[in-house]
Each structure stands twice: as C-alpha cells, then as structure tokens.
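Worksheet: the structure to be examined is printed underneath.
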Amino acid sequence: MKVKLLILLLACCSIYTSHAQTTVDAQGIKYQVISGTNNARIIQNTTCPTGQITIPASIRIDGTNYTVTEIGNNAFFRCSGLTGSLTIPNSVTSIESEAFYGCTGLTGSLTIPNSVTAIGERAFSRCSGLTGSLTIPNSVTSIVDYAFSGCSGLTGSLTIPNSVTSIGSGTFSGCTGLTGSLTIPNSVTSIGRTAFSGCTGLTGSLTIPNSVTSIGEQAFAFCSGLTGSLTIPNSVTSIGDYAFYECKNLTSVTVEKSTPPTLGRDVFGFSTDNGGTDWKPNCDLNIPDGATAYYVS
C-alpha cells in the first residue's frame, strides 16, 4: 500500500513539474511550457523587462526547444519600460488579453504576422507610442473589444482584411492618428459600440457593407472627418444611441431598408452651442416613415 502511495505521489509531482516548466531568458521574458505540447507561451513576470526586446520563435527550457506560440494574458501588462519597436515572430498564433496593455514606451510601427489568428481584449490598448500604419493580417477573424483603443500614435490608413467578421466594442476608439478613408470589408457582420469613436483623423466617405446587421452605440461618434453621403444598407437591423453623433461633415444619410431598423437616441445628432442641452440632426436625412428615433428632443 505504501509503495502504491509513493508511486502515486511521484506521478503527481511529475505532472505538476511538467505543467510548471518555466524559464526566464536573457531579456527578462518569462516562458512556460504548454502542457502536452512542444510549444511555450510568454507569461506575466513579476518584474517587467525593459529596453527593446525581440520575441524569439523558439525557447530552450530544461534542455528542450519549444516553439513560442502564445503571448499570454498580461504578459507585458503596463511594462512602460519596454522601448523601441516590437517584433513578433511568425510562430505566434495568439496574442491574449492585455498582453501589451499600457506599454507606452513601445515605438515604431506594429507588424502582426500572418500566423496570428486571435488578438485578445485590450491586447495593445494604451500603447500610445506605436506609430505607423496598422495592417491586420488575413488570418484574424475577429477584432475584439478595445484591442487597439487609445493607440493615438498609430497613423496612416487602416486595413481590415476580408477574414474579419466582427469589430468589437471600442476596438479603435481614441485612435486619433488613423487617417484617410475607412473600408469595412463585406465579411463584417457587426460593428461594436464605440468601435471607432473619436477617430477624428478618418476622412472621406464611409461605406457600410451589406453584410453588417448591427452598428453599436457611439460606433462612429466624434468622427468629424467623415464626409459625403452615408448609406445604411438593407442588412442593418439596429443602430445604437449616438452611433454617428457629432459626425458634422456628413452631408446626407439614406436608410435603404423599407422597414426602418431600430434606431437609438440621436443617432445622427450633434450638440448645439448652448451647453449641449439641445440636440438636432446634422445632415439631410432620407429615412422611411416610422423611423423617428433618430432624434429625441
């Protein structure tokens, strides 16, 4: 009986040890073996690495080489001491929630490799030092909540690939440096609340594709650079409160759907100059009878 118990304890210890295999490399990055695989993830360290880092495609742990496939939750959370450009290898398939949240010292352009299929919530949120254009690879199927919110240093046009089916809440909110026209591909079915709120640098006309069924509240609020006419296609069944609030340079809005979509409060409104207590539509509205919720006095 004692022999069996000892064997059981040794087995448990062996399993625990394999689960807990970790190492810290010369750059101060902490890695952990993903159980049952030849892969490793970067995990949060109690002490943030500093300076410019290069994430390797593989790491040696306890004499074995493991492929680095995941940048885990909070891996570099608030590591403001990270500086310079960020290189993510093609081995990485997942960048998890808040992986680089608040890494204000990161600078230069951000390249996400085609190997990445998932980008977690707030993964690059508040990385205000990142500059240059942002290209989402066509391996990504959804851009989740607040993934790039507050990345005010990102500049140039934004390319969203046809692989993306949903744009989450606040995904690009506060990305004031994004410029040029915005193209939303036909693959996208939903645009979350505040998705592009405050993207004042976006200019030109905006095309909502026929694939979109819902536009969240404040999705394009304060996008004052959007101009020209806007058509809401037949596919859209709901538009949230203030979705296009303060988009002052839109000249007209046409809703194609004969049965009006559900429209929230002041969807196409803007504030007057008396302290914001009154609201009114800011452009010519071509909306079918029955759609009266675009303006609430």
Side-chain angles (χ1 to χ4, degrees), residues 15-108 110-130 134 136-137 139-151 154 163-164 166 168-172:
I15 291 171
Y16 176 78
T17 302
S18 65
H19 282 193
Q21 284 178 286
T22 61
T23 192
V24 178
D25 71 8
Q27 300 180 98
I29 305 173
K30 189 174 183 179
Y31 302 83
Q32 182 184 63
V33 173
I34 300 173
S35 179
T37 72
N38 291 319
N39 302 327
R41 68 166 60 90
I42 297 175
I43 61 175
Q44 187 177 22
N45 203 337
T46 53
T47 303
C48 275
T50 58
Q52 184 165 340
I53 61 168
T54 299
I55 296 172
S58 65
I59 188 70
R60 195 167 183 82
I61 303 176
D62 294 342
T64 303
N65 288 327
Y66 294 91
T67 302
V68 178
T69 58
E70 296 180 12
I71 303 175
N73 295 332
N74 307 113
F76 299 99
F77 183 79
R78 293 190 185 278
C79 289
S80 56
L82 292 181
T83 57
S85 60
L86 173 66
T87 301
I88 299 172
N90 283 319
S91 60
V92 171
T93 60
S94 175
I95 302 171
E96 297 181 359
S97 298
E98 299 185 334
F100 295 96
Y101 179 93
C103 292
T104 53
L106 290 176
T107 57
L110 172 64
T111 300
I112 299 171
N114 283 321
S115 56
V116 172
T117 59
I119 301 173
E121 291 185 14
R122 295 180 172 85
F124 296 95
S125 182
R126 298 180 182 269
C127 291
S128 54
L130 292 175
L134 171 66
I136 309 294
S139 52
V140 173
T141 57
S142 66
I143 308 175
V144 298
D145 298 351
Y146 307 99
F148 300 95
S149 65
C151 291
L154 290 176
S163 58
V164 172
S166 63
S169 297
T171 302
F172 300 101

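All of these numbers come straight from a predicted model, not from anything done at the bench.
- Applying the disulfide bond (SG atoms under 2.5 Å apart) definition to pairs two or more places apart or across chains, those involving residues 28-93 are C48-C79.
- Looking at heavy atoms from C-beta onward, L110 lies in side-chain contact with F148 at the 4.5 angstrom threshold.
- Within 6.0 Å of the CZ atom in R41, the count of heavy atoms belonging to other residues, nucleotides or ligands exceeds 12.
- Looking only at distances, a side-chain donor or acceptor of S115 sits under 3.5 Å from a matching main-chain atom of V92.
- Here the shortest heavy-atom pairing between S91 and V68 reads OG-O, 2.7 Å.
- Note that CD1 of I29 is 8.0 Å distant from CD1 of I59, once rounded to the nearest 0.5 Å.
- Contact record, Y101 with R122: CB-O, 3.8 Å, taken as the closest heavy-atom pair.
- Remark: the backbone N or O of T69 is paired with a side-chain donor or acceptor of T93 at under 3.5 angstrom.
- A heavy-atom distance below 4.5 Å is found between the side chains of Q27 and T54.
- How far OG1 of T47 is from NZ of K30: 9.5 Å, rounded to the nearest 0.5 Å.
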Please test I53 against F76 for side chain to side chain contact (heavy atoms under 4.5 Å, CB included), starting from the C-alpha separation and ending with a verdict.
CA-CA 11 Å; I53 61 168; F76 299 99; 3.8 Å; yes
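- Between the side chain of S169 and the backbone N or O of D145, no donor-acceptor pair lies under 3.5 Å.
- The structure places CD1 of I119 at 11.0 Å from CZ of F100, a figure rounded to the nearest 0.5 Å.
- Between the S80 side chain and the T104 main chain, no donor and acceptor come within less than 3.5 Å of each other.
- Y31 is listed as a side-chain neighbour of P56, based on a closest heavy-atom distance under 4.5 Å.
- With rounding to the nearest 0.5 Å, the separation of SG in C151 from OH in Y146 is 14.0 Å.
- Atom CD of E98 and atom CD of Q44 lie 9.5 Å apart (nearest 0.5 Å).
- Nearest heavy atom pair, residue Y66 against residue T37, reads CE2-O, 3.9 Å.
- If you take CD on E121 and OG1 on T171, they are separated by 9.5 Å, rounding to the nearest 0.5 Å.
- With Q32 as the fixed residue, the side chain to side chain contact (heavy atoms under 4.5 Å, CB included) test singles out one of I61, I42, T22: T22.
- Smallest separation of non-hydrogen atoms from I71 and A75: CG2-CB, 3.8 Å.
- Taking each heavy atom of P137 and I112 in turn, the nearest pair found is CG-O, 3.6 Å.
- In this structure, the side chain of N73 engages the main chain of S97 through a donor-acceptor pair within 3.5 Å.
- Remark: side-chain polar atoms of T83 are not paired, donor with acceptor, to backbone N or O of G105 under 3.5 angstrom.
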